[in-house]
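Structure, as structure tokens:
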Amino acid sequence: MPELPEVEVVKRTLERKVLNLIIKKVKINDGNLRYRVNKSDFLKLSGKRIKKIERKSKFLIFKIGKNIMMLVHLGMTGKFFFSNTRNKKFKTSFYYKLDNSKDQKHDRIIFYLEKKQKLIYNDIRKFGFIKVIDFDKYKNNSHLKHLGPEPLEEDFNFKYFKNYISGKNRNVKNVLMDQKCISGLGNIYVNEILFCCSIRPSKKVVKLTNKEIEKIIFNTKKIIKKSIKLGGSSIKNFSSSDGKKGAFQQTFKVYGRNGENCSNADCNTIITKLTISNRSSFYCPRCQK
DNA sequence: AGGCATGTTACAGG
DNA sequence: ACCTGTAACATGCC
């Protein structure tokens, strides 16, 4: 899915496009997302204003009207498209996106906004979801309740991580993917982080030295910051809500690079692919111990 | 045809 | 109850 940096970019784009607009009507083309959408909940959105858009790890949270929250997870292929009449007329990138039959086929939910504008939730694989919930219930929401600190929060620090991994017999790749430990990372960024730390993904956390833990904290923050700055990554199914592509994927050092040479100077070792818990891991056998 | 894909979670077994 | 790993979800692309 879009990982934290991509969701952050989507959030910022949505703020520019739909903040403070009134939802006129919602049309559900296919409600069989990860969780079946509750049509009567969506009816409540009509006539209400989008007042705030927040991001929590990989979730988007829309505050709508006085007491409604809309919780969105993009899954692997979820994305938002935005259109207005001007875009149609001038055939901007939005128009191209919206008029692409392949994309249109996967438009699952359409929010009709004021001034003939539309916000469209499009999701090829339907691993994403949208839930409309009451404001007072969202703090206890099962999706948000157990999330660990985000990479850029102060709470994600040496002491916290060292304590979290103590006594655990797990590999470092899985721990960093675990949203209860740290929320917002996914397969791509974890691969990149571990390469930067010179740590092999399969390494057991009990064997991490203090120095390595420090490196993990530092490089996680560094890479996430950098990716947000570059507009996220845009491999295959992701682009931000205005159709722009991020640039971070051009800086991938290991992800998807199996068979290629290690990008560290003078290394000349071939990047290896290894499956850990059904997910691909990429690493340099020489640089990552 | 078969394998793979940015994610999460229900379940099984220890 | 805790810990761990695996399979499943839906769809498209190579």
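Letters A, B, ... mirror the listed sequences (proteins, then strands); counts begin at 1. Every heavy atom of this structure was used, including side-chain atoms; hydrogens, water molecules and symmetry mates were not.
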| request: List for me each residue that meets ring pair (Phe, Tyr, Trp, His ring centres under 6.0 Å) alongside A:Tyr121, sequence neighbours excluded, and say none if there are none. | output: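 With sequence neighbours excluded, A:Tyr121 shows a ring pair (Phe, Tyr, Trp, His ring centres under 6.0 Å) to A:Phe80, given in chain and number order.
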| message | Using the ring pair (Phe, Tyr, Trp, His ring centres under 6.0 Å) criterion, which residues pair with A:Tyr35? Sequence neighbours excluded. | response |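 Applying ring pair (Phe, Tyr, Trp, His ring centres under 6.0 Å) to A:Tyr35 gives A:Phe129, A:His143.
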| Members sharing A:Tyr283's hydrophobic cluster (side chains within less than 4.5 Å) |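 A:Leu274, A:Ile276, all in the cluster of A:Tyr283.
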Mind checking what makes side-chain contact (heavy atoms from CB on, under 4.5 Å) contact with [X], not counting sequence neighbours?
| X | value |
| --- | --- |
| A:Ser263 | A:Phe195, A:Lys253 |
| A:Ser183 | A:Ser57, A:Leu147, A:Glu150, A:Gln179 |
| A:Lys180 | A:His146, A:Tyr164, A:Asp178 |
| A:Lys273 | A:Asn258, A:Ser280, A:Phe282 |

| query | Got a sec, which pairs hit ring-ring contact (aromatic ring centres under 6.0 Å, His included) with one end in residues 256-276 of chain A, sequence neighbours left out? | reply |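 Qualifying pairs, neighbours excluded: none.
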| message | For residues 4-29 of chain A, which residue pairs pass the ring-ring contact (aromatic ring centres under 6.0 Å, His included) check, not counting sequence neighbours? | response |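 Qualifying pairs: none.
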| request: Using the P atoms only, state how far C:dC13 lies from B:dT8, rounded to an integer number of Å. | output: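 After rounding to an integer number of Å, I get 24 Å for this pair.
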Return the value, rounded to whole Å, for the distance between atom [atom1] of [X] and atom [atom2] of [N].
| X | N | atom1 | atom2 | result |
| --- | --- | --- | --- | --- |
| A:Asn278 | B:dA5 | CG | C1' | 12 Å |
| A:His146 | B:dT8 | NE2 | P | 14 Å |
| A:Phe252 | B:dA5 | CZ | P | 13 Å |
| A:Tyr189 | B:dG7 | OH | C1' | 15 Å |
| A:Lys105 | C:dT11 | NZ | P | 9 Å |
| A:Lys126 | B:dA5 | NZ | C1' | 18 Å |
| A:Ile124 | C:dC9 | CD1 | C1' | 16 Å |
| A:Lys79 | C:dG12 | NZ | P | 11 Å |

| field | A:Asp155 side-chain N/O to A:Pro149 backbone N/O, donor-acceptor pair under 3.5 Å | value |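 No, A:Asp155 side chain to A:Pro149 backbone: no donor-acceptor pair under 3.5 Å.
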| field | Donor-acceptor contact present, side-chain A:Lys115 to main-chain A:Leu113, <3.5 Å | value |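 Not a single qualifying donor-acceptor pair exists.
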Review item, nucleotides 9-14 of chain B N/O atoms under 3.5 Å of protein N/O:
residue, atom, partner, partner atom, Å
B:dT9, OP1, A:His143, ND1, 3.3
B:dT9, O4', A:Arg34, NH2, 3.2

N or O in side chain of [X] less than 4.0 angstrom from [N] OP1/OP2:
| X | N | answer |
| --- | --- | --- |
| A:Gln179 | B:dG7 | no |
| A:Ser280 | B:dA5 | yes |
| A:Arg125 | B:dA5 | no |
| A:His106 | C:dG12 | yes |
| A:His73 | B:dG7 | no |

| query | Near DNA chain C, under 4.0 Å by heavy atom, which residues of residues 161-173 of chain A? | reply |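 Under 4.0 Å from DNA chain C: A:Lys168, A:Asn169, A:Arg170.
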| field | Same cluster (ILVMFWY, side-chain, under 4.5 Å), A:Leu152 and A:Tyr160 | value |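 Same cluster: A:Leu152 reaches A:Tyr160 through Ile, Leu, Val, Met, Phe, Trp or Tyr contacts under 4.5 Å.
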| said: Need to verify one output field. Residue with the more 5' nearest nucleotide on DNA chain C, A:Ile276 or A:Phe127? | reply: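 Going by which nucleotide is closer to the 5' end, it is A:Ile276.
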| task | Write out the stems for DNA chain B, ordered by first number and formatted as range with range, counting runs of at least 3 consecutive Watson-Crick or G-U wobble pairs under 3.5 Å. | result |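 Result, WC/G-U stems under 3.5 Å: B:2-5 with C:11-14, B:7-14 with C:2-9.
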| query | Which is true for A:Asn187 with a 4.0 Å heavy-atom rule: it touches a base, it touches only sugar-phosphate, or it touches nothing? | reply |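 Counting heavy atoms under 4.0 Å across all strands, the contact made by A:Asn187 is with sugar-phosphate only.
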